[in-house]
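Report on one structure; see the data block that follows.
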Number of protein chains: 4
Amino acid sequence: MGVTGSKAEHRISKILDAALEVFSHKGYRDSAVDDIATTSQTSKGGVYFHFPSKQAIFLALLDRMADLLLSRASKSMAAEPDWPKKGDAALATMLHTFADHRNLTRLFLVEALGAGREFNQKILEMHITFTALIKDYLDTGVVDGYIAPLETRIASIAWFGAVNEVVTRWVLDEEPGNLEDAYNPLRELLRRGIGL
Amino acid sequence: MGVTGSKAEHRISKILDAALEVFSHKGYRDSAVDDIATTSQTSKGGVYFHFPSKQAIFLALLDRMADLLLSRASKSMAAEPDWPKKGDAALATMLHTFADHRNLTRLFLVEALGAGREFNQKILEMHITFTALIKDYLDTGVVDGYIAPLETRIASIAWFGAVNEVVTRWVLDEEPGNLEDAYNPLRELLRRGIGL
Amino acid sequence: MGVTGSKAEHRISKILDAALEVFSHKGYRDSAVDDIATTSQTSKGGVYFHFPSKQAIFLALLDRMADLLLSRASKSMAAEPDWPKKGDAALATMLHTFADHRNLTRLFLVEALGAGREFNQKILEMHITFTALIKDYLDTGVVDGYIAPLETRIASIAWFGAVNEVVTRWVLDEEPGNLEDAYNPLRELLRRGIGL
Amino acid sequence: MGVTGSKAEHRISKILDAALEVFSHKGYRDSAVDDIATTSQTSKGGVYFHFPSKQAIFLALLDRMADLLLSRASKSMAAEPDWPKKGDAALATMLHTFADHRNLTRLFLVEALGAGREFNQKILEMHITFTALIKDYLDTGVVDGYIAPLETRIASIAWFGAVNEVVTRWVLDEEPGNLEDAYNPLRELLRRGIGL
DNA sequence: AATGAATGAGAGTTCATTCAT
DNA sequence: CATGAATGAACTCTCATTCAT
């Protein structure tokens, strides 16, 4: 009482953890709210007391991942004074974060897409948010004279897609290697692509 | 009985067309076999006579798209004698094909991912097939001395991802622009990425 | 095949019979579609193949009763050449029909009212239909000089209500007497009320 | 603590008011205890502190209405020394009371019937109570020689039904007219029906 | 007295799949 | 080959009721 982390918040957190567990094991559509309830040691009604729908749980989870990724990336970029190194840091952080949260990543990159038409808007928003971050970075590079002018809109999308695919492959692979091994070649490729 | 199975093939084709229509409008999970039956002017039993399950229909559709894409890309590459131009041609063909088949594309890049754990293997295969095509191309470029040696495995994945993301964005956008406008900047970026 | 009374119609009829049974025993809201399915020796899906919703089943049942009542009453009135005897005949027929179908009557007069706001319109319509029949009869009596002019709108409603309540009491009573015993006193009362 | 229970009574009253509001808007079955709690600015637990069940709330409401109606009718009859005028006064009072409390009336005449088998007994009791009042009145009329002997049991039920139906129609009508306009024709009809 | 969180038994509805005709 | 009827498991969501605080 009084302190953040009330019982309700704790429950919500437990439910989200359980949902992540369940969704990433069975997929969004094949997961029953009952599964989430059981896994979070609550009852179905308990889940519905805290979330209005199954969809809302998924959305909350997506937000959680986006926040995590975004804040980490921003932080690591801010920590680097050098423009080119900012990009390297962001890439490293992203790969590291993904590698650390394979389940959330699966949710984010795989389940979310096909979960249903209802989520498309949300996913698009998330892609746009990330791409915008990259575009900002590239635009700064152009303005500050680090790189020659280029179509940063497409470039940022392509960068995002490149990382995305590398990670998706790792997520889909049943016997995945070490995701962070991709860092060096990927960095090289991306840098060169913009003429660095 | 004329050509064997010609009538059956026609039916199958009609069903697949209907399935594409339905799946890309409502998503895999939200589409009922009844919808497909109605759209293809058959009955549910009729559909099940030609396909063992809903899943099989989706898989067939995925194959259809992969074949289409692959054969077109191969053909356009074969038509170019010049190594660097082969890549340009393939990219142009891909974008063109996607642009021409927005529904199939949605199925291929969006629905398929979240359709369920059952499809992950298939999707992975398809990604691998495409990436392999790209990798072959890049390897040839290295061997033939067009480009300097590089991690072609990661590079091909990144290329695929870059294109993928550009197309996905276009598919998710409710008021999409012209996909083929992305050709020039994307080409530039990809070429530079490998040092061309 | 070919003859009316196809298998589908038979099934529908069986389902309606079962629904009547179930609804009049447990009430509309306390009846589960599963109960109806079991009672009609079908499955839930079977019921839903023939009816789009539980509500629709109830509505069909209501229509069935209204048709039955209306056609019988009309027929018995038509069979009497004498104006005053037409009314007697209709009243007798109504009481007889209600007495013969206690379950349907319960549905019609008791369950329907509280089944939910969705049914209010329907019930109102049915009340109006019956009242209109009575009003026609009374108006004819006035025109033909059998009775002095009177507010036939209210009178017909009152007549309907009077019969309604007598029947409702009989339906609600757990040890009901003979409904048709009410015929004579009721007839006397109604006739006098309009000055016959 | 002033008058014993005054606070509790106040709460109970607020809950009943809220329940009336909610029940008459959404019907008994479609109303959630939560709705009542919210409307009465309490919590679900609060409601359950004062009432053992949802059913009990409804029953209390029904009693409230019956008491209101009965006491008003009795009072207005007592105020008239003349036997025939007693009946007129009661009818006028009833219509007036119903007209003033459309929500309670809906509850009383519409919702109650179909609320569930559990309430049938109660409703029957209420109908009997009212009919008994009317029967008393009619019997007195017979004994005192105002009217000729008649089957007062059926007559009282018919009277009740006639009024009931007029009011029910008014309640079900979405654009109801003025209920009290029915007073004169109804009075005429009822009086004549018993030979007055 | 009151609150909000939790429970858990259902309810209606959907749908992939099967199969007699 | 095709049809439409039937099956039944599963799913999301609701809600009266309880109870620790």
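Since the structure is predicted, the reported quantities are computational estimates derived from the model, not experimental observations. Naming: A, B, ... by sequence-line order, numbering from 1 per chain.
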Closest nucleotide of DNA chain E for Q55(C) versus for R29(B): which of these residues is on the 5' side?
-> Q55(C)

Please give, in whole Å, the distance from dT14(E) P to D35(B) CG?
-> 12 Å

Grab the CD-C1' distance between E9(B) and dC1(F) for me, whole Å please.
-> 16 Å

Check for a donor-acceptor pair, side chain of K54(C) on one end and backbone N or O of S31(C) on the other, with a separation under 3.5 Å.
-> yes

Take atom CD1 of I12(C) and atom P of dG4(F), then tell me their distance rounded to the nearest Å.
-> 14 Å

Check: K122(D) side chain, D63(D) main-chain N or O, donor-acceptor pair, under 3.5 Å = no

Assign each of V47(C) and D30(D) the nucleotide of DNA chain F bearing its closest heavy atom; nearer the 5' end lies the nucleotide of V47(C)

Starting at atom CZ of F51(D), determine the distance to atom P of dT18(F), rounded to an integer number of angstrom.
-> 16 Å

Spacing between Y48(D) atom OH and dT17(F) atom C1', to the nearest angstrom | 5 Å

Among dT17(E), dA2(E), dT7(E), which nucleotide sits nearest the side chain of T42(A)?
-> dT7(E)

What is the distance from OH of Y28(A) to C1' of dC11(F), rounded to the nearest Å?
-> 12 Å

Provide the Watson-Crick or G-U wobble partner of dA1(E), both distances under 3.5 Å; none if there is no partner.
-> none

The side chain of S43(C) lies closest to which of these nucleotides: dA6(F), dT17(E), dA16(F)?
-> dA6(F)

To the nearest angstrom, how far is D34(D) atom CG from dA6(E) atom P?
-> 15 Å

Does any N or O in the side chain of K14(D) come within less than 3.5 Å of the main-chain N or O of Q41(D), such that one atom is a donor and the other an acceptor?
-> no

Using modelled atom types only, decide if a donor and an acceptor are shared between the side chain of S13(D) and the backbone of E9(D) within a distance under 3.5 Å.
-> no

Choosing from dA2(F), dA5(E), dT14(E), which nucleotide comes nearest the side chain of F49(A)?
-> dA5(E)

Contacts of V33(D) and Q41(C) projected onto DNA chain F by closest heavy atom; the upstream (5') one is Q41(C)

Spacing between F58(B) atom CZ and dC15(E) atom P, to the nearest angstrom = 17 Å

Is dA20(E) paired to anything, Watson-Crick or G-U wobble with both distances less than 3.5 Å, and if yes, which nucleotide?
-> dT3(F)

Winner on side-chain proximity to A32(B), out of dT17(F), dT17(E), dA16(E), is dA16(E)

May I ask you to say what S40(C) touches in the nucleic acid, namely base, sugar-phosphate or nothing, with a heavy-atom cut-off under 4.0 Å?
-> nothing

Does dC1(F) have OP1 or OP2 sitting under 4.0 Å from an N or O in the side chain of R11(B)?
-> no

Nearest to side-chain heavy atoms of H50(D), which nucleotide of dT17(F), dA2(E), dT17(E) | dA2(E)

Which heavy-atom pair separates D30(A) from D35(A) by the least distance, and what is that distance?
-> O-OD2, 4.3 Å

For K44(A), report the nucleic acid contact type (base, sugar-phosphate, nothing); a contact means any heavy atom under 4.0 Å.
-> base

Testing dG4(F), dT17(F), dT12(F) for proximity to the side chain of K54(A), the answer is dT12(F)

Would you call E111(B) and R117(A) a salt bridge, taking side-chain N to carboxylate O under 4.0 Å as the test?
-> yes

